[in-house]
Structures are given as structure tokens and as C-alpha cells.
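To find a chain, count down the sequence lines: A is the first, B the second, and so on, and within it residues start at 1. Since the structure is predicted, the reported quantities are computational estimates derived from the model, not experimental observations.
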2 protein chains.
Amino acid sequence: MSKDQTRRRILEAAGPVFAEKGYDAATVREICSRAGVNLAAVNYYFGSKEQLYVETLQYGRDPEGQHDQPLTWPADAAPEDKLRLFIEGLVRQMLGERAPWHRQLMLREILQPTGACRQLVERHFRARMDQLLGILDEILPPEVPLSRRQQIAFSIVGQALYYRVASEIVKFLVDEDQRQAHFGVDQLAAHILDFSLAALGLHPGLAVPRPEVTHEPLEP
Amino acid sequence: MSKDQTRRRILEAAGPVFAEKGYDAATVREICSRAGVNLAAVNYYFGSKEQLYVETLQYGRDPEGQHDQPLTWPADAAPEDKLRLFIEGLVRQMLGERAPWHRQLMLREILQPTGACRQLVERHFRARMDQLLGILDEILPPEVPLSRRQQIAFSIVGQALYYRVASEIVKFLVDEDQRQAHFGVDQLAAHILDFSLAALGLHPGLAVPRPEVTHEPLEP
DNA sequence: GCTTGTTTGAAACAGGCGTATTATACGGCC
DNA sequence: GGCCGTATAATACGCCTGTTTCAAACAAGC
């Protein structure tokens, strides 16, 4: 087996393990076992577990030299549509079961940063934040100060992040049937978009009776 | 030293340690060291680290037999005021530095439940959820289905939770000065209330020019 | 074919962990 | 006082961790 081959195999095995268990709980033994390489290989190729972690994050971000293009849309799209696409991508990222391990790793870095690679993580999230702020630029009047724009952005992202970090809470606060029926990716994205657009004033508020609503059977 | 005395000392030492480091990273050696008791005491009094953890959570919830009354308000208060009080309490809980370790432990249980005490955690958060749903009952028209009310509640809580779970992200996305000036507990509570009330339709949206705004200097 | 530098393999090391064991000191009771 | 159940203390055990060691297998150059 060629030299770079085993290196790659270690990286590809390390990704899911780190993503699932976190840095501390992941063991180099499991990584090596999954990769089918010897235990010593990690320290031979990477020097230490920590360095392997850093390089795994880099590898995940950019496996072949291609940047991952987060989200794109036609530049002339309506701001509401851009926001919709952004939120849909966000929710999909949070709830998508087959989330590639790279996203999961990044999320772990949000929740409890290891500090091993501030820069990398920072760049990643700053890009997405700027994207959202750009959309808000087209919606908000210019006199709204930056701090308020940031707060609004956080309010939008926070709604989506909730379903990832508090998924266990959701799981026992709303029962299985309701979850299946109303808490899928699409419905949540639609709700968060509704909530946010209403907050921004582009939709009527959720509490005001909405004439266009299809008449669902009233709850007893 | 009396028997119950050391028991209490262990519990009170275990609280902060578990809260700061989490179940796995916390060690009984540190707990015993902080409590000034022998290493064997934990297993003597609690049988195992896990059981100590469970009893620590219970002890934190209810140290002396008094339930912690989460939040109260006059029953005849306006729904907006109740929501304001609720959100203020929420944000204070999330951001308050001197958060008693019990809150922190509960938050940890949200983010990564140990499963050691589902019931306890479940009761705790269901109570708060019901409180919020009660407030929404007074705001939303009756035909809004339960699932939508729950989504709205999660949208509100999610905004506040964000600043706890993603505090590191906030820290490098908005610079020190801005944070000091606009991301304190009071300002964030005010913003989340604004955003949510606007989303509900009780306030004008944030994007529509608000006549009552005090004219702050425009940003260049 | 031999030498040289590199990669693999299995085992061992040192340290930290939760837990168990054993022995000592305390405090009320006959 | 002597005794005994209980609380403390010190230490040892077994396990798992990241890391190191060192010999064997290998590829390449001459």
C-alpha cells in the first residue's frame, strides 16, 4: 500500500469517528481499526492525535482542493427567495441525517471549540454569516445599525440550530406522530422562514388571522 | 465530621465540576479533592460516579426541599409583558455568568443527554415549555394548531439558546466593542422580544421604518 | 545481491481513570 | 473499659488511553 494511501485511509476513517464521538471520546485505536491500519500509523503520519484532528478538519473542508461552494442563487433573485434558500440550506444542514461528517465536525467546534484550529473554523462560519448579512442588507433599511443586523442574523440561525442542539428536548416535548407530521426538514424550514419574514415585516405576523390559510379542521 | 456533612460536601463540590467539564471529563478525584474528602468517599456514599451524578442533579434542583419557582407574574398581566418576563428570564439563564451550576447541568443535559436521569430533565423542561405555550395561548388565535405553537415556542427559545451554545462563534463574529455595547443580557432580551413580537404580529416588522425610534447617528 | 532509508506490525510503556480492598480511627452502648 | 457498627484513609487493582519502541518487511539504487 502506497504511502499516501494509508494517510488518506486514516483521514477518512478519522472523520466520522471524530464527528460522532467528539475529540476526547474518539480513540486512535478505533480510528486505526476502522482504517485497517496499525495503531502506530497515526503517530507516524501525524505525530499526535491532536494533529490528526486538525488535518482531518482541513481534509474534510477541502478534500481535493475544491472549495465547497456553500450555496448559490441567481444574483437577481428576490431577497425573500435568497432568504428562503439560505434557511432551507441551514435547516437541511442541521437536521439532515446523512450530513457529511465535515459539517458535523464544524458544529462540534461551535458547541465546544477545541481551539486546535480556530482559524479554519472561523473562516468557515464568517463566510456564512457574511452571506446572511448580505441578504439582510437587501431587506433592512440602511439606518439599521450593524449590531442589530447581527442580532437578527443570530435570531435566524438560532432557530435552526435549536433543532440540532436540542433535538433530544424536541423529541420528548412533541410526540412521535406530531414530529413525523410537522417537524420534517421542509416544514421547519418553512416555519423558520415564515417566522423570520414576519419578524422582518415582510409577512403579516403569525398571530393575525391569515386570510390565505387553507381552512384546516379546528382543534377541539 | 458528621456523616451527612461529607455527603453534602461531595454533592456541592460535584456540582460545579460536572457543570464545567461534563460527566465524562469530570473526575471523582477532582471532586473529592475539592470537597476535601477521601477518594473512596464517593463510592462509599453513592456507589458509583454515575449515581453521584444523578444525585447531584437532584440536589441541584432541590437542595433543601424547596422547589425552585422558575418565574412568576401577575396572572392579569398583558401577554406581551408575560412574554417579556419569560424571555428576560431565559436570556439571563443563558448568559448569566454567575449561573448556578444547576442550570448549567441542565443545559448540558439538553445538548448531550447522559440518559442517567431522563425523567428529572424531562420534567424540568416540560414545565418551562408549558409555561411558554400558556403565554402563546393568550396571543395566538385558537385555530393555530399545536404543532405550530410548538414551532413558535422553539423559535423563541432557540434565539436565546444560541447565545449559550454558540457563544464562541458570537465572540469572533462581532468584535469586543460591539459585544460590550450591544450584546449584554438586557439588549439581547430586548431584541429577542422585539423579533418575536414582530414575528407574532404584535409589533411592526423590524424592516419597516419605526417612527418611534430615537434617532441614533447613522452609520457611515 | 546487498545496502540504505522508509513503512508496517506487535508489543510495551507511562499515566489517568473508576472502583475495590484493607486497615485504621471514631462514637455510642452494654 | 471493652465492643462493634460505621466513617475515613491509603493503597492497590484492572482497564483504557495516547504514545513509544524496536524489530521485521519492503522498495529503490547501484
Colleague: Pairs in or reaching into residues 110-125 of chain A: which pass salt bridge (Lys or Arg N to Asp or Glu O under 4.0 Å), with residues at least two apart or in two chains?
Modeller: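 Residue pairs passing salt bridge (Lys or Arg N to Asp or Glu O under 4.0 Å), neighbours aside: A:R118-A:E122, A:E122-A:R126.
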Colleague: Nearest-Å distance, OH (B:Y45) to P (C:dG18)?
Modeller: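 Computing the B:Y45:OH to C:dG18:P distance gives 19 Å.
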Colleague: Taking only residues two or more places apart in sequence, or in another chain, which ones meet B:R84 in a salt bridge (charged side-chain N to carboxylate O under 4.0 Å, His left out)?
Modeller: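 Salt bridge (charged side-chain N to carboxylate O under 4.0 Å, His left out) check on B:R84 returns B:D81, B:E88.
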Colleague: Can you measure A:I10 atom CD1 to C:dG9 atom C1' for me and round it to whole angstrom units?
Modeller: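 A:I10 atom CD1 is separated from C:dG9 atom C1' by 13 Å.
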Colleague: Residues two or more places apart in sequence or in another chain: which of them pass ring pair (Phe, Tyr, Trp, His ring centres under 6.0 Å) with B:F154?
Modeller: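 Only A:Y162, A:Y163 meet the ring pair (Phe, Tyr, Trp, His ring centres under 6.0 Å) criterion with B:F154.
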Colleague: State, to the nearest 10°, the angle formed by the axis through the first five base pairs of the helix from C:dG1-D:dC30 to C:dC30-D:dG1 and the axis through its last five.
Modeller: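 One end axis against the other gives 30°.
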Colleague: Reading nucleotides 14-28 of chain D from the 5' end, what letters show protein touch, with B for base, S for backbone sugar-phosphate only, - for no heavy atom under 4.0 Å?
Modeller: ---BBBBB-------
Colleague: Looking at A:R148 and B:D194, is any side-chain nitrogen of the basic one under 4.0 Å from a carboxylate oxygen of the acidic one?
Modeller: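 Between A:R148 and B:D194 there is a salt bridge, with a charged N closer than 4.0 Å to a carboxylate O.
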Colleague: Kindly state each residue pair satisfying side-chain hydrogen bond (donor to acceptor under 3.5 Å, both in side chains) with at least one member in residues 32-41 of chain B, sequence neighbours excluded.
Modeller: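 Every pair satisfying side-chain hydrogen bond (donor to acceptor under 3.5 Å, both in side chains) with a residue in residues 32-41 of chain B: B:E30-B:R34.
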Colleague: Tell me every residue that passes ring pair (Phe, Tyr, Trp, His ring centres under 6.0 Å) with A:Y53, counting only those two or more places apart in sequence or in another chain.
Modeller: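 By the ring pair (Phe, Tyr, Trp, His ring centres under 6.0 Å) rule, A:Y53 matches A:F18, A:Y23.
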Colleague: I'd like to check the side-chain hydrogen bond (donor to acceptor under 3.5 Å, both in side chains) partners of A:Q104; sequence neighbours left out, ordered by chain and number.
Modeller: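 None.
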Colleague: Going by the rule side chain to side chain contact (heavy atoms under 4.5 Å, CB included), which residues pair with A:S167 if we only count those two or more places apart in sequence or in a different chain?
Modeller: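 With sequence neighbours excluded, A:S167 shows a side chain to side chain contact (heavy atoms under 4.5 Å, CB included) to no residue whatsoever.
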Colleague: Return the value, rounded to whole Å, for the distance between atom CG of B:L52 and atom C1' of C:dT19.
Modeller: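 Going from B:L52 (CG) to C:dT19 (C1'), I get 14 Å.
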